[in-house]
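Indexing begins at 1, ligand by ligand and atom by atom, following the structure's order.
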Amino acid sequence: MTTLWPQPTESFSARHIGPRSSEIDAMLQVVGASSLDSLIDRTVPEAILDRGDHGVGAALTEGQALARLRGMAERNHVLTSMIGQGYYDTVLPAVIQRNILENPAWYTAYTPYQPEISQGRLEALLNFQTLVADLSGLDIANASLLDEATACAEAMALARRVCKAKSERFFVDADTHPQTLAVLQTRAEPLGWEIVVGNPWTDLEGQEVFGALFSYPGSSGEVRDPRAVIEALHAKGAIAAVTSDPLALVMLESPGALGADIAVGSMQRFGVPMGAGGPHAGFMATRDAYKRHLPGRLVGVSKDSAGNPAYRLALQTREQHIRREKATSNICTAQVLLAVIASMYAVYHGPEGLRAIAQRTHRMASILAAGLRVLAVKVETESFFDTITVYAGASAALVLERARAVGINLRDAGEGRLGLSCDETTEAETIRAVWRCFCPDEARLASLEAGLSVTEVLPASMQRSAALLTHPVFHAHRSETDLLRYMRALSDKDLALDRTMIPLGSCTMKLNATSEMIPITWPEFARIHPFAPAEQREGYAELFAYLEDALCKISGYDAVSLQPNSGAQGEYAGLLAIRGYHRARGDEARDICLIPASAHGTNPASAQMVGMRVVVVACDTDGNVDVDDLKAKLAQHDGRVAAIMITYPSTHGVFEERVVEICALVHDAGGQVYLDGANLNAQVGLARPGKYGADVSHFNLHKTFCIPHGGGGPGMGPIGVGAHLAPYLPGACDVAVSAAPYGSASILPISTAYIMMMGDAGLRHATEIAILNANYITARLAEHYPVLYRGKNGFTAHECIIDLRPLKDACGVTVDDIAKRLIDHGFHAPTVSFPVAGTFMIEPTESENKAELDRFCDAMIAIRKEIAAVESGDVAIEESALRHAPHTVADMAGPWERAYTREEGCFPNGVDTSKYWSPVGRLDNAWGDRNLVCSCPDISEYS
Ligand SMILES: *Cc1c(COP(=O)(O)O)cnc(C)c1O
């Protein structure tokens, strides 16, 4: 059909998808399929294949999608926020915004599991840990958690783990943010812990508890001295956790100095926009004695093969979810990019700058309170940093109304109380406007400032005693030129998607398109408080509705919750929904979660967090769920099975033929099916989990739906559910898994833009090419390395596992040798040793073109030749370029006494001036764990 008007000349999907059509034909030949359709027919089981359109519509161009998002943004209204309650306006320095938040060298990086190619972000994270440990006055801090509320829940779990007392009760300061309380209640209930809410200064005595959480300052703004109460807690062997505000801690005595064992909070106001709730870096610090119980990731200092200091993830095998059902936390994706931004904010301002910001904020709040008192307003808060609570009684609604009319949001704290928070951006005009809202009498206001006496409200005993941020990094980069060069020097050390493909199986490192990223820094998305009045967030409401609807259509589910901040949090929320469903039906005995041996570690970790018992289901030799074993386990635990958690396609990289049967078997036994959606990139447009038998899935928006990994976060893990589970979603009942109702709302435009710009046809085509690309790699590498698992027609799904164990057995070459040698070729290694130890899991995604796939295959084949030389005995493994990899610039200078030439070592592809150089040699992990240093080392250590 011809139409009058020409179609747009631009198609985004042709930019998102790597291979051109001529390349697709060539690749199909290599994999042995006559067409894409035929490849898909022979890969995706017939029982689930459904090529019908989702109904998300035709593709928009980049310009059209941005215009649509602009329209949504315009329905959000940015007011001056004085709501506080854990979220404050802040100034993100432009140099950090453009060169980190908007810079793919930072935002497209992966979690630093390969330390040699991650030295830049590891250094930034070490700065973050140093900042947190210093503000907290504690020994050791991790490299971020998901938000303040979940950090408090993690603190509670840590307390239960390290406390020797038998109690199952945890005390929570009544003056805690309500969203934190909700998350704590959700976390405690399935584990059988009782939350006791009260005033620690009066109600804690005589209570048997395993720990207590203090809010410092409180949600009301009040700053109280917890020293005596903490001492009393310690006397009965209980643990003291303090949730705090990092800007307040610049001025206030540190939690560590007050006796706390754990300090938590959110680093949001260190330069990270409120973003309607996130993403922000939660933080946690604790005593050295508890370091092995810290959830999340911990960066530490070690040395490389030349003996030089180098960074890596410390105690890596202790990342909690790797402990599977013995884990106390399921956190995997955290908030690295936001932690990096917060750390740079501290590097940019230094201790003097931070102190000036904190003092100015405090002064604003003090003036605000003093003025209100003169105006006879009842200010209830006596000792405060930046927030006061006033009692306005019957006139509270009127004051709120007047404030809104002049562009200011106050917090409605209920029962006639209003909360007023100052921040870095507060101006004198704002304070004057607030006074006017309480007292519209111009004559009184006119004379108010002249006679105002403002006294310090923080007692000396509550002011910080220790020096702040003494390490040179917080003093050395005060000019913008300097900071720019520091950030550039760090990012130059790292390999991110802007330089090479990152073929990490299960992680789906695909294009994060620039157009998708643009809206996230628009003020109408960035500067919205999550609890601002709904009429100011209509644009967000439209965005959420669009995305929920699109995710339902794509997945075949009936309802979606956008609350979970990561895939693992989605698992947790989904299992809570299953638990709620069973309990509502009186099916309380169902407490077993079946999990195949191949599952990701977060699956069993999440199951234990909801109080379920994990029973492992075996896999057969082809990598599929062993259906006979499943039947046996269902029979053995008749009436007790709450759920099965399966990953589809499985982490073995195949579409299991019997998935429909597996779902039916579990349903027949009265259980629910949790389908881990991390591998949805192999299904979009071709199969819908909600239609072929699953009840609930999470979608890693930072995998399939293009949110960049940010070096280990942010992410989003919304869940889709069948209608029967919808009443048990966060928001629909009193379950809360994140501090903010829509999790990390401000990054949802990324996935929304992606879906809009791909449309039905583009989304389906992306999946087809993801499968083709994986099979192309499989076909090219199969002659050189054994491919562990394949589907019934010999094809893999969107990823493949190659088995390197035989090489280790034959000649001692390890997975690490191969991973590090890939660095010399300029590649980030694939996923190492997951889900099978001694293997690589390779996932190219649809965004890589044939040339890049070939470059990778060629590197793997060249490495195989080097291995052959070791196998044949020509080269000893210890003497080989494999074992000495990665090579550094230092290898180009000085004496050379290796069994291979410098050129062979440093330039495996011939001399190449644009080659990536690893900044350090191979890391010594064991040494670093024995000599644990997790904050910025003393400068003398570098000499
Ligand atoms: C990535 C992944 C998860 C966890 O997701 P996070 O967002 O990192 O919490 C769970 N299961 C599988 C199979 C994954 O690949």
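The option from His600, Met645, Glu799 that lies nearest to atom 4 (C) of ligand 1, judged by heavy atoms, is His600. Comparing Ala599, Gly713, Gly567 against atom 7 (O) of ligand 1, the shortest heavy-atom distance belongs to Gly567.
Looking at Glu571 and Asn603, their side chains do bring a donor and an acceptor atom within 3.5 Å of each other. Residues Ser329 and Glu154 bring a donor and an acceptor atom of their side chains to less than 3.5 Å of each other.
Numbered from 1 in the order shown, with element, the atoms of ligand 1 that lie under 4.0 Å from a heavy atom of Ala568 read 5 (O), 6 (P), 9 (O). Of all atoms in ligand 1, listed by their number and element, those nearer than 4.0 Å to a heavy atom of Cys332 are 8 (O), 9 (O). Within the listing of ligand 1, atoms 1 (C), 5 (O), 6 (P), 7 (O) sit less than 4.0 angstrom from a heavy atom of Asn700. Taking every non-hydrogen atom of Glu571 and a distance limit under 4.0 Å, the qualifying atoms of ligand 1 come out as 10 (C), 11 (N). Atoms of ligand 1 found under 4.0 Å from any heavy atom of Ser506 (numbered from 1 in listed order, with element): 13 (C), 14 (C), 15 (O).
In this structure a side-chain-to-backbone donor-acceptor pair under 3.5 Å is present from Asp147 to Ala739. Distance alone, capped at 3.5 Å, is enough to place a donor-acceptor pair between the Arg121 side chain and the Tyr110 backbone. Remark: side-chain polar atoms of Ser751 are not paired, donor with acceptor, to backbone N or O of Leu748 under 3.5 angstrom. In this structure a side-chain-to-backbone donor-acceptor pair under 3.5 Å is missing from His652 to Val654. Although no hydrogens or angles enter the test, the distance criterion places no donor-acceptor pair under 3.5 Å between the side chain of Thr831 and the main chain of Phe834.
Both the backbone and the side chain of Ser566 come within 4.0 Å of ligand 1, judged by heavy-atom distances. Looking at Lys703 against ligand 1, only its side chain comes within 4.0 Å, counting heavy atoms.
The protein heavy-atom contact nearest to atom 8 (O) of ligand 1 is Thr333 OG1, 2.6 Å.
Polar contact check, Asp676 against ligand 1: a nitrogen or oxygen pair lies under 3.5 Å apart. On a distance-only criterion, His702 and ligand 1 share at least one N/O pair closer than 3.5 Å.
Around OH of Tyr742, the count of heavy atoms belonging to other residues, nucleotides or ligands within 6.0 Å does not exceed 12.
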